[in-house]
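Please read the structure below before turning to the comments.
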Amino acid sequence: AQSVTQPDIHITVSEGASLELRCNYSYGATPYLFWYVQSPGQGLQLLLKYFSGDTLVQGIKGFEAEFKRSQSSFNLRKPSVHWSDAAEYFCAVGASTGGFKTIFGAGTRLFVKA
Amino acid sequence: DTGVSQDPRHKITKRGQNVTFRCDPISEHNRLYWYRQTLGQGPEFLTYFQNEAQLEKSRLLSDRFSAERPKGSFSTLEIQRTEQGDSAMYLCASSVGGSGNTIYFGEGSWLTVV
């Protein structure tokens, strides 16, 4: 079974600064990897996904993530954070075989200070 | 594409009462998922359907929980004899095919058991 770890419960960055949110996964086969964002009281919106091919994937809102198989990581980055990026971010891993459920990490809350 | 819709968005119920949530997936999506999310946590997988067949149930889904998708379209999640620990947001999601396809979430149904 797959699992996801997001080591940082919350992160605070200044507006305009760069951002990196960490994600480590565990899965025996090639994973499907996702980053979702959730605003308070809302559902989850997909930012980007990795299935295969180029290990650097681009998403919406200026986000990107890099898949590093050797480190079992899929970190999310943004070069310049905007105040509207304040939200909860979830990394998720989907199984490529057997049961096809997607498992989520506990999330990282992003705070943006002016 | 009208997105995944859930009803009701909020429900307050007394302990011991039964509640039912409805989910209407995106029309061409054959997979439907239910997740539960508590404050400060990521979504936890509960169950999923492929068409009308319920293919997997989490251990989190006790005997008091039942989910159906009778015609392979909308789904219901019923909780019988609610307990305070059932208070959470119940998220529905849908996708085309398996885990390689993105799952799209609804806005969620908040349950408060008093």
Side-chain angles (χ1 to χ4, degrees), chain A residues 1-10 21-25 27-53 57 59-60 65 87-110, chain B residues 1 3-7 9-10 21 23-26 29-51 53-61 88-112:
Chain A
Q2 67 270 43
S3 66
V4 180
T5 302
Q6 294 182 247
D8 304 305
I9 296 173
H10 55 80
L21 301 182
R22 296 184 292 164
C23 172
N24 293 98
Y25 70 91
Y27 184 61
T30 301
Y32 298 130
L33 296 163
F34 308 85
W35 275 98
Y36 285 83
V37 61
Q38 185 179 37
S39 297
Q42 301 297 313
L44 283 78
Q45 180 184 21
L46 179 73
L47 286 176
L48 48 78
K49 59 187 178 185
Y50 170 79
F51 292 161
S52 65
V57 294
I60 62 171
E88 188 96 24
Y89 291 81
F90 294 97
C91 182
V93 57
S96 56
T97 60
F100 291 102
K101 63 180 181 279
T102 299
I103 301 299
F104 288 79
T108 298
R109 169 71 66 177
L110 173 64
Chain B
D1 182 352
V4 179
S5 64
Q6 294 188 241
D7 182 70
R9 291 293 315 280
H10 299 89
F21 299 112
C23 172
D24 288 273
I26 296 172
H29 286 188
N30 60 343
R31 286 188 178 242
L32 186 148
Y33 310 79
W34 285 100
Y35 286 81
R36 181 175 68 187
Q37 187 179 22
T38 53
L39 287 176
Q41 297 298 316
E44 298 173 293
F45 171 79
L46 293 179
T47 187
Y48 84 94
F49 294 83
Q50 179 159 313
N51 300 314
Q54 188 173 17
L55 296 186
E56 188 170 347
K57 293 170 60 174
S58 163
R59 296 175 194 173
L60 295 174
L61 218 62
M89 182 160 70
Y90 291 85
L91 290 161
C92 179
S94 68
S95 73
V96 175
S99 194
N101 297 90
T102 306
I103 57 174
Y104 295 88
F105 283 87
E107 295 293 305
S109 292
W110 280 101
L111 173 64
T112 302

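Sequence lines set the chain letters: A, B, ... in the order given, protein chains first and strands last, and positions in each chain run from 1.
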- Item | Leu91(B) versus chain A, the contacting section by heavy-atom distance below 4.5 Å | side chain
- Message: Looking at Gln2(A) and Tyr27(A), would you say the former's side chain and the latter's main chain have a donor-acceptor pair under 3.5 Å?
- Response: no
- Query: Glu107(B): what forms a salt bridge (Lys or Arg N to Asp or Glu O under 4.0 Å) with it, not counting sequence neighbours?
  - Reply: none
- Mark yes or no for whether Ser109(B), through its side chain, and His10(B), through its backbone, hold a donor-acceptor pair below 3.5 Å. no
- Task: Identify which of Gln42(A), Gln45(A), Glu88(A), Arg109(A) forms the greatest number of heavy-atom pairs closer than 4.5 Å to chain B.
- Result: Gln42(A)
- Item | Heavy-atom proximity to chain A below 4.5 Å, by part of Gln37(B) | side chain
- Would you confirm whether the ring centroid of Tyr36(A) sits within less than 6.0 angstrom of the ring centroid of Tyr35(B)? no
- Flag yes if more than 12 heavy atoms outside Ile60(A) fall under 6.0 Å of its CD1 atom; otherwise flag no. yes
- Task: Side chain from CB out, backbone as N, CA, C, O: work out which of these in Leu46(A) comes under 4.5 Å of a heavy atom of chain B, or both, or neither.
- Result: side chain
- Message: If I measure from the heavy atoms of chain B, does Gln6(A) come under 4.5 Å with its side chain, its backbone, both, or neither?
- Response: neither
